Structures are given as C-alpha cells and as structure tokens.
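Values in this document were obtained by computation on a predicted structure and should not be read as measured data.
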Protein chains: 2
Amino acid sequence: MEELSAVDGLAQLSFLLQRMLERRAGEHDLSIIQTRLLGVLRDRRPTINELGRLLGLDKSSVSGLVERAERRGLVARSPSPADGRSVLVTLTDSGRALINGAAAQFEGDVTGLLEHLPASERHALTRVVSRLLVAHAAAEGVELFPGR
Amino acid sequence: MEELSAVDGLAQLSFLLQRMLERRAGEHDLSIIQTRLLGVLRDRRPTINELGRLLGLDKSSVSGLVERAERRGLVARSPSPADGRSVLVTLTDSGRALINGAAAQFEGDVTGLLEHLPASERHALTRVVSRLLVAHAAAEGVELFPGR
DNA sequence: TATTGTTATACTCTATAACTATA
DNA sequence: TATAGTTATAGAGTATAACAATA
C-alpha cells in the first residue's frame with residue numbers, strides 16, 4: 001500500500017480536520033474565528049487585549065469580532081471593575097449553548113474518523129501526538145494546558 | 001505525564017500546522033488560499049471552474065483570487081484552445097519560484113517539529129496517519145493521490 | 001505619558017445575482 | 001437553452017493609524 005510522506009500526511013490531516021471544523025461551524029453560521037472566540041470564552045472572561053493575545057489578532061480586529069458576536073447575542077461586554085479602560089467579554093447562555101453543541105459535533109466527527117483505526121493504533125496515535133505537542137510546547141517555552 | 005485526549009490532541013496539532021503554514025506564507029505576502037491556489041497550479045493547468053472545484057470556492061471567488069494573483073505576476077490566464085468560453089490558469093516562473101520556496105520552508109518546519117520524536121515514534125506516526133487518511137478517503141469514496 | 005478600546009480606512013476573501021459571450 | 005467567466009454588490013475578517021478615555 002502506498003504511504004504518504006510524513007509532511008504530506010500531516011498537512012493533509014490538518015486540512016481534513018479544518019474542513020470538518022469549518023463544516024460544523026458553518027451549520028451554526030459560525031466562522032472558524034467566531035468558533036475560536038466562543039471556545040476561548042468557555043472558561044475565561046478576558047479583556048479585548050487578552051483576547052487579541054489568545055487569538056493572535058490586533059485589538060481592532062477583536063473589537064469588530066466581538067461586536068458582531070454581540071449583535072447576535074452570543075457574547076456580552078461588561079466594564080472591568082479593576083480598570084476603567086478595560087472591557088470584560090463573556091459568553092451569554094445562548095453563546096454557550098451554541099459552542100457546546102458545535103464542539104460536541106466536532107468531537108463526534110473526530111471520534112468517527114478515529115474509528116477507522118484499530119484500537120491499538122488509535123492509542124498509539126494519541127500517545128505520539130501528545131508527545132509531539134508537549135515537546136514542541138517545551139521547545140517554544142509555552143505552557144500547553146492553560147493555553148488555547 | 002499528562003496526556004491530551006485524542007480529539008484535543010488532533011485539534012491542537014491541526015491548529016499548530018495551520019499556524020506554521022500561515023506564518024511561512026505570510027513571509028511571502030501570501031494568504032493560505034493564495035498559497036493553496038499556487039500549490040494546485042504546480043502540476044495542473046485548470047480552468048476557473050476546475051479551480052473552484054479543487055479549492056471549494058464559487059467561480060466568482062476564484063475569478064477575484066486569480067485576478068489578484070495575476071496582478072502580482074504569479075499566475076497567467078490564457079484562452080482555452082478547446083472551448084472559447086474557458087480560461088486556462090497557469091503558474092508564471094515567478095509564481096513557481098515563490099510556491100516552491102514556501103513549500104520547502106514549510107516542509108522544513110514540519111520536519112523540525114517531527115525531530116522532537118525518536119525515530120521509531122516518527123515512523124509510527126507516519127504510518128498511522130497514512131492509514132487514517134487512506135481509510136477516510138476510502139470511506140468517502142475519494143481517490144487520495146490525484147486530489148489536493 | 002502610557003495603555004485600553006473604538007473608529008476610520010483600506011484591502012482580501014467570500015457568496016449571490018445579473019450579465020456577456022460562447023456552446 | 002446551457003455553460004464559462006466576469007462584474008456589481010454586500011458582508012466578514014484583518015491590519016494600520018488616529019482618537020478619546022482612563023491610568
């Protein structure tokens with residue numbers, strides 16, 4: 001059986017997963033970046049600036065992103081008690097329901113994908129991918145688990 | 001050592017690879033979709049319609065995409081000899097040099113990432129990812145190697 | 001003075017709908 | 001009539017620069 005190179009295989013896998021995510025997000029009228037925004041807010045209440053750091057965007061881009069999500073009732077802005085210049089962004093109940101549903105569907109997709117493998121290979125994949133991410137995070141000096 | 005779930009690990013790996021690709025593309029002032037356009041043209045001379053199918057875009061989106069790439073001298077349009085309504089899109093020498101350089105850099109990034117693993121695990125990863133993609137392609141009824 | 005967030009501006013990317021020119 | 005491609009239009013997403021409010 002033909003085998004892809006390591007680079008090609010990982011690249012194709014990455015595109016496949018992104019397509020799965022995009023499709024599920026699209027079913028809820030969410031873009032990938034809106035999905036990431038809601039995902040980040042599941043366990044945080046960040047300022048606009050912090051969101052920019054978490055998502056890798058300029059604060060002006062975050063401003064517009066949050067504005068559009070707020071218009072749809074998915075997030076809310078509230079003034080920061082600690083700093084009068086800052087704004088805290090939070091998920092609304094509706095936003096939380098939406099992201100939880102989309103995340104569950106995506107997890108189902110990936111689980112379904114992995115069912116093509118025998119259990120032993122599935123476990124091997126999980127273990128090796130974990131090690132790879134941990135080693136990469138260590139090399140970059142980034143903490144893996146608090147990040148997103 | 002803490003281990004990520006299969007779904008989380010694959011999702012994070014996918015985002016990591018996309019960030020690597022985006023960074024390298026950005027160094028050449030390319031977006032991911034422009035990079036994919038040039039990549040597709042490396043071994044094809046498609047019409048606008050075929051590009052739409054390959055990239056998953058509407059023909060009007062492809063029209064603009066090609067227009068911007070042409071303005072930068074990366075691709076060229078030529079009339080189809082077979083059908084007077086069609087246009088064939090080809091890579092210019094400059095476009096080919098650009099995509100080859102970016103692809104080589106990205107491959108270097110992924111190779112560097114994989115060097116965090118001992119050779120035995122690297123080979124295991126390659127083999128399992130290959131099988132996963134082959135099984136998924138078979139399940140979807142798609143040929144893996146001609147596609148992009 | 002420095003920082004936080006918003007706004008104005010400009011560009012890429014995308015889809016839908018209307019158009020033209022071929023077939 | 002049907003298809004290939006372009007264009008007009010509208011909107012999301014992004015960054016830079018300028019700004020107001022607060023620190």
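You'll find the side chain of B:R72 reaches within 4.5 Å of the side chain of B:L30, heavy atoms only. For the pair B:S94 and B:L74, the minimum side-chain heavy-atom distance is below 4.5 Å. Using a 4.5 Å heavy-atom cutoff, the side chains of A:L16 and A:L113 are in contact. Using a 4.5 Å heavy-atom cutoff, the side chains of A:V66 and A:R77 are in contact.
Across B:R96 and B:L41, no two heavy atoms sit closer than the pair NH2-O, 4.2 Å.
A cation-pi contact, defined as under 6.0 Å to the ring centre and within 45° of the axis, is absent between A:R23 and A:F106.
A straight line from CG of A:L55 to P of D:dA15 spans 11 Å, rounded to a whole angstrom. In this structure, A:Q34 atom CD and D:dA12 atom P are separated by 9 Å, rounded to whole Å. Rounding to whole angstrom units, CG of residue B:L57 and C1' of D:dG5 are separated by 15 Å. B:R36 places its CZ atom 13 Å from the C1' atom of C:dT14, with the value rounded to the nearest Å. In this structure, CG of A:L51 is placed 13 Å from P of C:dT4, rounded to the nearest angstrom. One atom, CG of B:D29, and another, P of D:dA15, lie 14 Å apart when rounded to the nearest Å. When rounded to the nearest whole Å, the span between CD1 of B:I33 and C1' of D:dT14 equals 16 Å.
In this model, the phosphate group of D:dT6 is approached by a side-chain N or O of B:R77 to a distance below 4.0 Å at OP1 or OP2.
The stretch residues 58-75 of chain A touches DNA chain D through A:D58, A:S60, A:S61, A:L65, A:R68, each having a heavy atom within less than 4.0 Å of the strand. Interface residues of residues 86-93 of chain B facing DNA chain D, ordered by number: B:S86, B:V87; criterion, heavy-atom separation under 4.0 Å.
Here B:S80 lies out of heavy-atom contact (under 4.0 Å) with every strand.
Using a 3.5 Å distance cut-off with no hydrogens or angles, the side chains of A:T47 and A:N49 do not pair a donor with an acceptor.
Of the listed nucleotides (D:dA23, D:dA4, C:dG5), C:dG5 has the atom at the smallest distance from the side chain of A:N49. Among the nucleotides C:dC13, D:dT6, D:dT3, the one closest to any side-chain atom of B:S31 is C:dC13. With C:dT4, D:dA4, D:dG5 as the candidates, the nucleotide lying closest to the side chain of B:D83 is D:dA4.
Sequence order on DNA chain D of the closest nucleotides to A:G56 and B:R53 puts B:R53 first from the 5' end.
Linking Ile, Leu, Val, Met, Phe, Trp and Tyr residues whenever their side-chain heavy atoms come within less than 4.5 Å leaves A:V40 and A:L88 in two separate clusters.
The existence of a salt bridge linking B:R24 and B:E27 is confirmed by a sub-4.0 Å separation between a basic side-chain nitrogen and an acidic carboxylate oxygen.
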